[in-house]
Structure formats: C-alpha cells, structure tokens
Enquirer: 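Sharing a structure with you now.
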Amino acid sequence: MSKEKKERLLIKANKAIKENRDKVENDYYRLRYHVMAPVGWLNDPNGFIQFNGEYHLCHQFNPVYPEDKLIYWGHYKSKDLVHWEELPIALTPSEWYETHGCYSGSAFDNDGVLTLMYTGNVKDEEGNRETYQCLAITEDGINFEKLGPVIENQPQGYTRHFRDPKVWKKDGVWYMVIGTQTVDLAGRVLLYKSNNSKEWQLVGEVVGSQLGDFGYMWECPDLFELGDKDVLLFLPQGVEAKGHLYNNIYQAGYVVGELDYETGIMEHGDFKELDRGFDFYAAQTTIDDKGRRIMIAWMGLPEEDENYAERENAWIHCMTIPRVLELSEDKQLIQKPIQELKTLRENYRAYSNIVINNQEIELEGISGDVVELIVEFEIEDIEEFGIKVRCSAENNEETVISYNLADNKISLDRDKSGVGVKGIRQCYLEDNNNLKLHLFLDRSSLELFVNDGREVFSSRIYPKKDSRSIKFFAIGGSVNLRKIEKWDL
Ligand code: FRU
C-alpha cells in the first residue's frame with residue numbers, strides 16, 4: 001500500500017517540478033547564489049551535514065504548492081556550499097506515521113551511515129495531531145530507506161506539538177533536542193539521550209521557566225558547543241513585540257550558557273534575536289571538517305505567503321547564504337558569510353576616502369542587483385548616514401540602510417522596496433567611530449552584515465529589474481567613506 005502511495009505522490013511531485021520548471025527559471029526574482037526549491041514551496045533547512053566530503057542540505061518542500069500542504073524533503077548537495085546539485089526528493093510522506101508531512105529534522109553520521117531523524121506529522125479529520133520521531137538511512141546519499149518511528153508518545157505534560165529533532169553525539173552518547181509546548185501552552189525544548197540512536201530516554205527540559213512567559217510553542221531547536229559554551233537556537237512563537245524587538249510573526253533567537261547533560265538544564269544568559277531583518281526563521285547548523293559551525297536559515301516566515309511576490313510564479317522562498325558562527329567575548333553570536341562565496345566575485349571596483357557632506361552621491365561602477373558590497377564609514381560630525389540600494393527614480397524604488405547617531409540605531413527600510421513589502425526593522429549598535437556594512441544582494445534578497453557580523457539583517461525585496469543604483473548619503477554633517485569595495489557575484 002505505502003509503496004503505491006509513495007509512487008503516486010512522487011509522480012505528482014515530479015510532474016509539478018517538470019511542468020513549472022521553465023516558468024520558475026524565467027522569473028527575474030529567482031536568486032543566483034542562494035538555495036531555493038526547484039519549484040513550489042520551501043521552508044526549513046533540514047538534514048544539513050557534511051558527509052564523505054560533501055555538504056548535504058535538505059529542505060521542507062511542497063512541490064505542488066499552493067494546491068495542497070503536503071510536505072516532502074527536497075535534497076541538494078554541494079562540495080563548496082556555493083554550487084548546489086539538485087538531487088531526487090529524499091523523503092515522501094507515504095507512511096501511516098507521516099500522512100500529513102515529513103516535518104523538519106536533522107542528519108547525523110551513525111558510524112558511517114548517513115542517517116536522518118525527522119518528525120512524521122499526522123492529522124485526523126478533526127485536525128487532531130499525532131507526531132512521531134522517525135529514522136531514515138541512506139547507503140548512496142540519494143535514496144533513503146525509512147526505519148519508522150523511534151518516539152511514538154509524548155511525555156506527560158506536553159502536547160503533540162512535538163517536533164524538529166536535532167541529533168548530535170557527545171562522549172559516545174547520542175543526544176537530541178525537540179521543540180515542544182506544555183499542556184499549559186508554554187514553549188519548551190526537551191533533551192533526550194540514547195546509546196544506539198533507536199531507543200531514546202528523556203533527560204529533561206533544556207530551557208524551561210527561566211525565560212518566564214516566552215511564547216506558546218518553541219520550534220526547531222539546535223544545540224551545539226561553540227568555544228567553551230553551549231548555544232541553543234530556537235524559535236519561540238507567541239512572543240509580543242517590544243519596541244524594535246520581536247517584530248516578525250515568529251521569532252528566531254538563541255541563548256548562551258552551559259548545558260548539564262545529566263539533568264538537561266542549561267544555565268544561560270538572555271534571549272537574543274539571531275537576525276534583525278524581516279525574513280529569517282528555522283536556522284539549522286552543522287560542523288564541518290574545518291571545524292566551522294555553519295548555519296543556514298530559511299529566509300522567510302510561516303503564514304505570510306502574500307509578502308513573497310514569487311508565489312505568482314509557482315515558487316516561494318529561499319535559504320540564507322551559509323554563515324559561520326563565532327562567539328564574541330561578550331557572548332554574542334557573530335555571523336560571517338562563508339569564505340567560499342569569494343569564488344563568485346567578479347568586476348571588482350573600489351574607492352577610498354570619499355567625504356560626503358549633506359549630500360547623496362553615486363559612484364561609477366557601483367550598482368547592480370547581484371552584488372557584494374563592503375563599505376567602511378568613518379563617522380565624523382553627523383546626524384544620519386547610510387546606503388540606498390536597488391534605487392530607481394523612475395520606479396520610485398529604493399531600499400534604505402541608515403545609521404542614526406541620535407539614538408545609535410541602524411535601520412533597514414523597505415517601504416519602497418517593490419512589490420508587496422514595506423516596513424522598517426531596527427537595532428541598536430554600540431557607540432563607535434566606525435561602521436562597517438557588508439551587503440549581499442541577490443535579485444530579490446538582501447543580507448546585511450553589520451560590524452563584521454555582530455548584527456545581521458536578512459530580507460526579501462522585490463524591486464524592478466532596472467532598479468539597480470546604489471547611493472551613499474549623509475544628513476546633518478559629514479561622513480568619510482573610508483573604503484568601498486564592490487563585486488558582481
Ligand atoms: C517551522 C516548522 C517546523 C515544522 C515544519 C513544517 O517552520 O513549522 O516546526 O517541522 O516547519 O513544515
């Protein structure tokens with residue numbers, strides 16, 4: 001039965017991929033160096049791992065979006081995290097324990113066997129949910145064999161919103177974090193352990209009541225060591241906006257501390273947002289053979305499809321660029337674009353020491369829509385300065401990055417960023433005489449790394465194709481553009 005169902009579902013998926021591929025590839029908003037689904041819907045990165053020298057990245061995938069909501073796992077691999085090869089669908093929701101989707105999960109190397117742990121999602125006609133943590137293995141890195149559920153029941157006190165297992169090994173023991181919710185509707189992360197990756201035992205709540213009232217559900221936890229600390233990433237849902245914090249529909253953030261593997265309890269500092277932009281969710285990390293902790297996230301958000309203009313063209317959503325995580329001395333996560341992206345650089349243009357005073361300028365050769373731009377500012381006596389990208393006077397379009405000295409706030413304003421998007425996102429920066437902005441533009445995306453990755457803004461934008469100008473501006477004084485470097489990618 002399930003074999004037939006798998007075949008039927010795969011035929012449907014592959015038909016949609018074939019039928020829509022041309023339409024999708026002809027869309028101007030299609031990105032040039034980011035991972036996207038071949039067609040249809042993409043959300044969380046899943047099963048991110050380096051295995052036998054290749055990076056594998058799967059993703060939540062609905063090839064027939066928006067016709068139904070059934071979730072498969074799409075699959076890519078890469079030798080360099082820049083060029084990705086599309087592989088056949090990794091998981092198809094064909095079994096009794098995953099009738100409503102193969103939900104998010106992770107990959108691990110089980111003594112040489114590439115193994116997935118994911119959540120089988122089941123809903124009955126009344127919308128009642130069942131959830132199963134399931135294993136799948138592959139011999140060839142392409143075809144996966146499902147081993148079925150290894151956790152079928154939720155511990156007492158938690159609901160069936162119980163998903164997104166992230167597995168790792170420490171001192172010969174397997175550990176796994178799962179995102180869940182208590183029966184009183186508070187978000188939680190649970191730690192499990194296992195000696196064989198099949199039989200799992202609950203250790204305890206990793207981060208529980210320490211954060212107080214902090215949302216009704218926590219999705220997609222990821223727990224890893226960085227330096228001499230443990231870092232927990234998770235996605236609290238239901239946290240109220242507070243000034244410039246927590247302005248997206250759901251949040252993505254982290255705490256840093258020490259995990260007690262015996263009790264599961266993590267002593268930790270404050271919750272911090274991972275990203276300050278409009279579109280960032282479900283980050284997943286892996287460690288590679290260079291010892292780098294690499295993170296990729298979904299550059300999108302759930303339940304807001306109408307914000308993403310490409311949905312008109314049979315696809316929706318993309319990933320962020322891969323970023324290396326480091327921890328600063330004050331225990332903040334620092335995000336750095338992976339070095340491998342430098343191999344895409346072309347058409348280098350550079351300028352130095354251009355002082356602008358109450359004016360807006362453009363520079364010959366500095367423009368474009370698939371661009372990397374690094375600008376170092378030396379702050380003089382000034383009220384506000386910044387960069388405008390994807391500008392066109394005729395189209396009345398611009399996306400504005402500005403730094404306001406009165407309140408030390410950096411802002412990303414997409415009121416004029418094109419189809420369907422608007423609003424502003426902000427964060428505070430420490431007092432400093434310098435500001436470094438490192439920007440990646442890719443057709444319909446913008447990723448801004450501030451001061452070498454202390455803050456990052458990730459966002460989708462939808463300007464017209466010919467909105468390509470880049471401008472530098474100073475208001476109420478002067479600023480020195482000490483160094484400007486630009487490449488087409
Ligand atoms: C996060 C999430 C996960 C779930 C998956 C379903 O975006 O809701 O919790 O496993 O997406 O697609």
Side-chain angles (χ1 to χ4, degrees), residues 13 35-37 40-48 57-66 68-75 89-93 97-107 116-123 127 129-134 136 149 151 154 158-167 176-181 185 187-190 215-223 232-239 248-253 274-275 278-285 295-305 307-308 316-320 458 460:
V35 172
M36 298 162 287
W41 166 278
L42 165 149
N43 57 305
D44 312 352
N46 293 153
F48 185 28
L57 179 67
C58 298
H59 63 89
Q60 293 282 281
F61 180 29
N62 171 12
V64 295
Y65 170 87
D68 66 31
K69 290 195 161 173
L70 207 51
I71 293 281
Y72 302 60
W73 276 35
H75 188 189
I89 286 173
L91 299 176
T92 302
Y97 48 79
E98 56 190 14
T99 53
H100 286 66
C102 299
Y103 273 15
S104 283
S106 53
L116 307 179
M117 177 77 87
Y118 66 99
T119 293
N121 181 44
V122 175
K123 276 184 199 163
R129 192 183 279 267
E130 285 168 27
T131 163
Y132 301 93
Q133 271 61 55
C134 307
I151 297 184
Q154 288 66 59
Y158 301 93
T159 75
R160 289 171 174 188
H161 283 283
F162 192 86
R163 54 179 174 267
D164 311 333
K166 175 75 200 274
V167 175
M176 165 166 75
V177 275
I178 292 186
T180 185
Q181 135 187 103
L185 305 189
R188 289 291 184 267
V189 170
L190 297 183
Y216 58 80
M217 168 69 195
W218 294 354
E219 297 188 305
C220 297
D222 190 347
L223 208 162
L232 174 72
L233 313 183
F234 62 104
L235 310 172
Q237 299 184 315
V239 178
N248 293 337
I249 175 170
Y250 302 133
Q251 314 315 318
L274 259 173
D275 195 280
F278 293 88
D279 303 291
F280 185 95
Y281 205 61
Q284 189 172 96
T285 72
M295 177 180 82
I296 292 189
W298 173 23
M299 200 166 8
L301 285 169
E303 295 164 40
E304 301 209 308
D305 306 17
N307 290 348
Y308 301 90
I316 179 165
H317 296 308
C318 62
M319 298 298 177
T320 63
S458 306
R460 302 296 303 282

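Indexing begins at 1, ligand by ligand and atom by atom, following the structure's order. Heavy-atom basis, side chains included; hydrogens, waters and symmetry copies ignored. Quantities reported herein were computed from a predicted structural model and do not represent experimental measurements.
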Enquirer: For Ala37, check side chain to side chain contact (heavy atoms under 4.5 Å, CB included) against everything at least two apart and list the hits.
Expert: Leu42, His59, Phe61

Enquirer: My understanding is that only one of Gln60, Glu98, Gln133, Arg163 makes a side chain to side chain donor-acceptor pair (under 3.5 Å) with Tyr118; could you say which?
Expert: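 Looking at Gln60, Glu98, Gln133, Arg163, the match for Tyr118 under the side chain to side chain donor-acceptor pair (under 3.5 Å) is Glu98.
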
Enquirer: Could you tell me whether Asp279 and Arg460 make a salt bridge, using a distance below 4.0 angstrom between a side-chain N and a carboxylate O?
Expert: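 No.
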
Enquirer: Quick one: table the atom pairs, ligand 1 N or O against protein N or O, below 3.5 Å, distance rounded to 0.1 Å.
Expert:
from	atom 1	to	atom 2	distance (Å)
ligand 1	7 (O)	Asp44	OD1	2.7
ligand 1	7 (O)	Asp44	OD2	3.3
ligand 1	8 (O)	Glu219	OE2	2.7
ligand 1	9 (O)	Arg163	NE	2.8
ligand 1	9 (O)	Asp164	OD1	3.3
ligand 1	9 (O)	Asp164	OD2	2.6
ligand 1	9 (O)	Glu219	OE2	2.8
ligand 1	10 (O)	Ser104	N	3.1
ligand 1	10 (O)	Asp164	OD1	2.5
ligand 1	11 (O)	Asn43	ND2	3.2
ligand 1	11 (O)	Asp44	OD2	3.1
ligand 1	12 (O)	Asn43	ND2	3.0
ligand 1	12 (O)	Gln60	OE1	2.6

Enquirer: Once the angle between the rings of Phe234 and Trp218 is folded into 0 to 90°, is it parallel (under 30°), tilted (30 to 60°) or perpendicular (over 60°)?
Expert: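 The rings of Phe234 and Trp218 sit tilted, inter-plane angle from 30° to 60°.
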
Enquirer: Can you list everything that forms a ring-ring contact (aromatic ring centres under 6.0 Å, His included) with Tyr103? Sequence neighbours excluded, please.
Expert: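 Partners of Tyr103 by the ring-ring contact (aromatic ring centres under 6.0 Å, His included) criterion come out as none, since no residue qualifies.
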
Enquirer: Suppose we screen for ring-ring contact (aromatic ring centres under 6.0 Å, His included). Which residues come up paired with Tyr65, at least two apart in sequence or across chains?
Expert: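 In terms of ring-ring contact (aromatic ring centres under 6.0 Å, His included), with neighbours along the sequence ignored, Tyr65 is linked to Trp41.
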
